[in-house]
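Remember, predicted model here, so these are calculated numbers, not experimental data.
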Amino acid sequence: TVLTLADLSSVQTKVVVSEVDIPKVKAGQKATMTVNAFPGKTFTGRVSRVDTIGTTTSGVVSYNAIIQFTTIPEGVVPGDRKSTRLNSSH
(Lines give C-alpha, C1' and ligand atoms only; values in the text may rest on other atoms or scores of the structure.)
Protein backbone atom coordinates (compact mmCIF):
# COMPACT_ATOMS: atom_id res chain seq x y z
CA THR A 1 0.00 0.00 0.00
CA VAL A 2 1.37 3.42 -0.90
CA LEU A 3 0.49 6.21 1.50
CA THR A 4 1.17 9.76 2.58
CA LEU A 5 2.42 10.71 6.03
CA ALA A 6 -0.40 12.79 7.50
CA ASP A 7 0.99 14.52 10.60
CA LEU A 8 4.74 14.41 11.15
CA SER A 9 4.49 15.95 14.64
CA SER A 10 2.35 13.08 15.95
CA VAL A 11 4.09 10.40 13.88
CA GLN A 12 0.93 9.04 12.33
CA THR A 13 0.12 7.91 8.85
CA LYS A 14 -3.14 7.03 7.12
CA VAL A 15 -3.47 3.89 5.04
CA VAL A 16 -6.38 2.98 2.79
CA VAL A 17 -7.60 -0.60 3.21
CA SER A 18 -9.95 -2.39 0.81
CA GLU A 19 -13.25 -3.83 2.01
CA VAL A 20 -11.85 -7.32 1.40
CA ASP A 21 -8.96 -6.74 3.84
CA ILE A 22 -10.63 -4.51 6.45
CA PRO A 23 -11.94 -7.43 8.60
CA LYS A 24 -8.29 -8.39 9.20
CA VAL A 25 -7.33 -4.91 10.52
CA LYS A 26 -7.80 -4.20 14.23
CA ALA A 27 -6.73 -1.44 16.63
CA GLY A 28 -3.51 -2.47 18.36
CA GLN A 29 -2.31 -4.54 15.42
CA LYS A 30 1.41 -4.26 14.60
CA ALA A 31 2.52 -2.46 11.44
CA THR A 32 5.81 -1.86 9.68
CA MET A 33 6.72 0.94 7.29
CA THR A 34 9.45 1.45 4.74
CA VAL A 35 10.29 4.81 3.19
CA ASN A 36 11.78 5.06 -0.30
CA ALA A 37 14.23 7.74 0.88
CA PHE A 38 15.66 5.32 3.48
CA PRO A 39 16.28 2.03 1.64
CA GLY A 40 16.82 -1.01 3.85
CA LYS A 41 15.34 0.58 6.99
CA THR A 42 12.05 -0.55 8.53
CA PHE A 43 10.05 1.37 11.13
CA THR A 44 7.40 -0.08 13.45
CA GLY A 45 4.07 1.02 14.88
CA ARG A 46 0.53 -0.05 15.69
CA VAL A 47 -2.92 0.56 14.26
CA SER A 48 -4.47 3.26 16.45
CA ARG A 49 -7.84 3.57 14.66
CA VAL A 50 -9.87 1.93 11.91
CA ASP A 51 -12.72 3.87 10.35
CA THR A 52 -16.08 2.10 10.49
CA ILE A 53 -17.55 4.03 7.56
CA GLY A 54 -16.01 3.40 4.16
CA THR A 55 -15.69 5.45 1.01
CA THR A 56 -16.94 4.16 -2.34
CA THR A 57 -14.97 5.05 -5.47
CA SER A 58 -15.83 3.44 -8.82
CA GLY A 59 -17.82 0.76 -6.98
CA VAL A 60 -14.94 -0.16 -4.64
CA VAL A 61 -15.34 0.40 -0.89
CA SER A 62 -12.25 1.30 1.13
CA TYR A 63 -11.60 2.29 4.75
CA ASN A 64 -8.97 4.47 6.42
CA ALA A 65 -6.74 3.09 9.15
CA ILE A 66 -4.41 5.28 11.22
CA ILE A 67 -0.97 3.91 12.13
CA GLN A 68 0.90 5.40 15.11
CA PHE A 69 4.63 4.88 14.60
CA THR A 70 7.08 4.54 17.46
CA THR A 71 10.04 5.86 15.46
CA ILE A 72 10.33 7.88 12.28
CA PRO A 73 13.50 8.73 10.38
CA GLU A 74 14.69 12.32 10.61
CA GLY A 75 14.17 14.01 7.28
CA VAL A 76 10.91 12.29 6.31
CA VAL A 77 8.49 14.85 4.94
CA PRO A 78 4.79 14.69 4.01
CA GLY A 79 4.43 13.33 0.50
CA ASP A 80 7.39 10.93 0.71
CA ARG A 81 6.56 7.57 -0.83
CA LYS A 82 5.98 4.95 1.85
CA SER A 83 4.84 1.37 2.06
CA THR A 84 3.06 -0.08 5.10
CA ARG A 85 2.48 -3.71 6.03
CA LEU A 86 -0.04 -4.71 8.67
CA ASN A 87 1.03 -7.86 10.48
CA SER A 88 -1.59 -10.59 10.59
CA SER A 89 -0.90 -11.46 14.22
CA HIS A 90 -1.66 -8.92 16.96
Trainee: Tell me which pairs pass salt bridge (Lys or Arg N to Asp or Glu O under 4.0 Å) where either residue lies in residues 59-68, with sequence neighbours left out.
Mentor: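 Residue pairs with at least one partner in residues 59-68: there are none.
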
Trainee: Which heavy-atom pair separates Val20 from Pro23 by the least distance, and what is that distance?
Mentor: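 Taking every non-hydrogen atom into account, O-CD, 3.5 Å.
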
Trainee: Quick check for you: to the nearest 0.5 Å, what is the distance between Gln68 atom CD and Arg46 atom CZ?
Mentor: 12.0 Å

Trainee: Could you report the tightest heavy-atom contact between Phe43 and Phe69, atom names first, then the distance?
Mentor: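 The answer is O-CE2, 3.8 Å.
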
Trainee: If you take all heavy atoms of Val50 and Ala27, which pair is closest and at what distance?
Mentor: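 Residues Val50 and Ala27, closest heavy atoms: CG2-N, 4.3 Å.
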
Trainee: Would you give the length of the straight line joining atom CD1 of Ile22 to atom CG of Asn64, rounded to the nearest 0.5 angstrom?
Mentor: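 Reported to 0.5 Å precision, the distance equals 8.5 Å.
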
Trainee: Enumerate the residue pairs fulfilling salt bridge (Lys or Arg N to Asp or Glu O under 4.0 Å) with a member in residues 48-61, sequence neighbours excluded, ordered by first and then second residue.
Mentor: Arg49-Asp51

Trainee: Please answer whether the main-chain N or O of Ile66 pairs with a side-chain N or O of Ser48 as donor and acceptor at a distance below 3.5 Å.
Mentor: yes

Trainee: So, taking the atom named OG1 in Thr13 and the one named CE in Met33, what distance separates them when rounded to the nearest 0.5 Å?
Mentor: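 Interatomic distance, Thr13 OG1 to Met33 CE, rounded to 0.5 Å: 6.5 Å.
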
Trainee: Under the side-chain contact (heavy atoms from CB on, under 4.5 Å) test, which residues partner Thr44, sequence neighbours left out?
Mentor: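 Listed in chain order: Thr32, Thr70.
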
Trainee: Which heavy atom in Val25 sits nearest to a heavy atom in Ala65, and how many Å separate them?
Mentor: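 For Val25 versus Ala65, the nearest heavy atoms are CG1-CB, 4.4 Å.
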
Trainee: Rounded at 0.5 Å granularity, tell me how far CG in Asp21 sits from OH in Tyr63.
Mentor: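 OH of Tyr63 is found 12.0 Å from CG of Asp21.
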
